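All chains are named by letter (A, B, ...) in the order of the sequence lines, taking the proteins before the strands, and each is independently numbered beginning at 1. Everything numeric here is computed off the predicted structure, so don't read it as measured data.
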Number of protein chains: 2
Amino acid sequence: MGKSAKSSLELSGTRAVPPEGIAEAVARFEDFLRRRGFKVTRTRLWIAERVLKFPGHFSAADLWGALRDHRVSMATIYQTLELMEQAGLLRRCAFRGIGARYESCLGREHHGHLVCRRCGNIVEFDDGKVEALLVKIAGAHGFRLEETVIQGIGLCAECRRTEGERWVPR
Amino acid sequence: MGKSAKSSLELSGTRAVPPEGIAEAVARFEDFLRRRGFKVTRTRLWIAERVLKFPGHFSAADLWGALRDHRVSMATIYQTLELMEQAGLLRRCAFRGIGARYESCLGREHHGHLVCRRCGNIVEFDDGKVEALLVKIAGAHGFRLEETVIQGIGLCAECRRTEGERWVPR
DNA sequence: CTACATGCAAAGGGTTTGCACGGGG
DNA sequence: CCCCGTGCAAACCCTTTGCATGTAG
């Protein structure tokens with residue numbers, strides 16, 4: 001599942017971000033780096049720019065592949081993804097069975113994911129109300145909420161029909 | 001963080017399950033195994049019983065440690081955890097940074113987790129309303145919802161005060 | 001008796017680290 | 001110039017797999 005689904009993580013509701021949006025976000029990233037005392041390197045900017053161009057979810061390996069002309073190492077990829085996450089430009093999502101996936105925060109309000117456990121596809125949904133509830137709950141527990149993970153695991157419409165053949169291919 | 005937090009995954013809202021509840025659940029597991037054509041082995045019953053005794057979250061390694069007298073292998077642990085999950089007696093939870101954690105479904109209605117990204121502690125909260133919303137959303141997308149993941153990541157009350165020392169210890 | 005379950009050890013995949021070189025401030 | 005950032009490869013952790021033996025049905 002993991003392997004074949006890797007490149008088929010299609011989403012509903014993804015949208016490309018216009019170039020000016022990307023440029024602005026990269027500038028924000030530079031800003032973040034300087035303010036934190038990190039160096040602004042060409043590698044980091046390559047990565048940031050490429051990350052922001054992904055319309056949907058991507059893996060570290062996807063990003064590495066998309067940057068192969070620049071011969072960026074995985075170590076650097078992961079380090080920079082972490083920085084971008086701290087800068088608030090990126091979200092990391094963990095889905096069952098597959099490795100971490102990332103998504104740019106650009107042009108994406110908070111949303112949840114419906115993950116099909118059979119075909120691996122991910123459908124995004126608007127979760128304004130869900131998140132509002134979470135904020136209230138977190139507050140009641142003295143928690144400062146920084147990030148929410150809202151997922152529904154199950155079968156997508158398509159897989160519901162062809163289901164029952166096997167539950168896990170082992 | 002992972003290592004030192006591993007044994008401090010204390011929860012609010014955990015509760016031990018009375019023996020009769022455990023016995024009944026083990027019986028349900030046996031039933032599940034037979035109906036699916038799996039064999040009812042003593043190893044599987046040891047594991048099931050021990051799993052159901054955990055009051056909170058535990059890792060595969062925790063379970064292995066708790067069963068060391070029985071010399072159960074990790075391979076079997078993982079296989080049986082998967083079976084228990086299919087039997088609906090167990091939930092697997094993925095939290096950022098640490099490996100998978102499991103929790104028995106016994107005596108636990110659906111709930112969400114507030115995870116402190118600093119100390120690793122997990123606070124459970126009742127998420128009846130959140131889940132109801134998710135069910136509606138999933139339905140609207142043609143999804144059959146089988147499981148929900150509802151997490152808030154942030155700082156717990158305690159860490160909010162002592163925060164700002166380091167954001168990541170590396 | 002037969003096929004599935006088990007323990008052991010070894011492999012696997014994604015992520016992180018150690019090291020010496022290169023480049024930003 | 002000095003130190004951080006980088007690529008490379010090796011290490012790492014958790015989880016899964018292959019194989020010979022054990023055991024439920």
Starting at [atom1] of [X] and ending at [atom2] of [N], how long is that distance when rounded to a whole Å?
{"X": "A/Phe58", "N": "C/dG14", "atom1": "CZ", "atom2": "P", "result": "16 Å"}
{"X": "B/Arg68", "N": "C/dG7", "atom1": "CZ", "atom2": "C1'", "result": "18 Å"}
{"X": "A/Leu83", "N": "C/dT16", "atom1": "CG", "atom2": "C1'", "result": "15 Å"}
{"X": "A/Glu82", "N": "C/dG14", "atom1": "CD", "atom2": "C1'", "result": "16 Å"}
{"X": "A/Tyr102", "N": "C/dT15", "atom1": "OH", "atom2": "C1'", "result": "8 Å"}
{"X": "A/Arg92", "N": "C/dT16", "atom1": "CZ", "atom2": "C1'", "result": "11 Å"}

Between [atom1] of [X] and [atom2] of [Y], what distance do you get to the nearest 0.5 Å?
{"X": "B/Arg50", "Y": "B/Leu45", "atom1": "CZ", "atom2": "CG", "value": "15.0 Å"}
{"X": "B/Thr80", "Y": "B/Leu90", "atom1": "OG1", "atom2": "CG", "value": "10.5 Å"}
{"X": "A/Leu67", "Y": "A/Trp46", "atom1": "CG", "atom2": "CH2", "value": "9.0 Å"}

Using the C1' atoms of the five pairs at each end, what is the angle between the end axes of the helix from C/dC1-D/dG25 to C/dG25-D/dC1, to 10°?
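Between the first-five-pair axis and the last-five-pair axis there is 40°.
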
Take A/Ile150 and A/Phe125, measure what side-chain contact (heavy atoms from CB on, under 4.5 Å) needs, and give me the verdict at the end.
CA-CA 10 Å; A/Ile150 298 169; A/Phe125 61 85; 4.0 Å; yes

5' precedence on DNA chain C between A/Val40 and A/Tyr78 (nearest-nucleotide basis)
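Result: A/Tyr78.
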
Donor-acceptor pair between A/Gln151 and A/His113 side chains, under 3.5 angstrom
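On atom types as modelled, these side chains do not qualify, holding no pair under 3.5 Å.
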
If we ignore angles and hydrogens, is there a donor and acceptor under 3.5 Å between the side chains of B/His141 and A/Glu124?
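No donor-acceptor contact under 3.5 Å links the two side chains.
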
Check each of B/Glu103, B/Arg101, B/Arg91 against B/His57 using the side chain to side chain donor-acceptor pair (under 3.5 Å) test, and report the only one that passes.
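Only one option passes, and that is B/Glu103.
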
Taking B/Arg68 for the side chain and B/Gly65 for the main chain, is one N or O donor matched with an acceptor at less than 3.5 Å?
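Yes.
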
What string of B, S and - do you get for nucleotides 4-11 of chain D 5' to 3' if you count protein non-hydrogen atoms under 4.0 Å?
SSSBB---

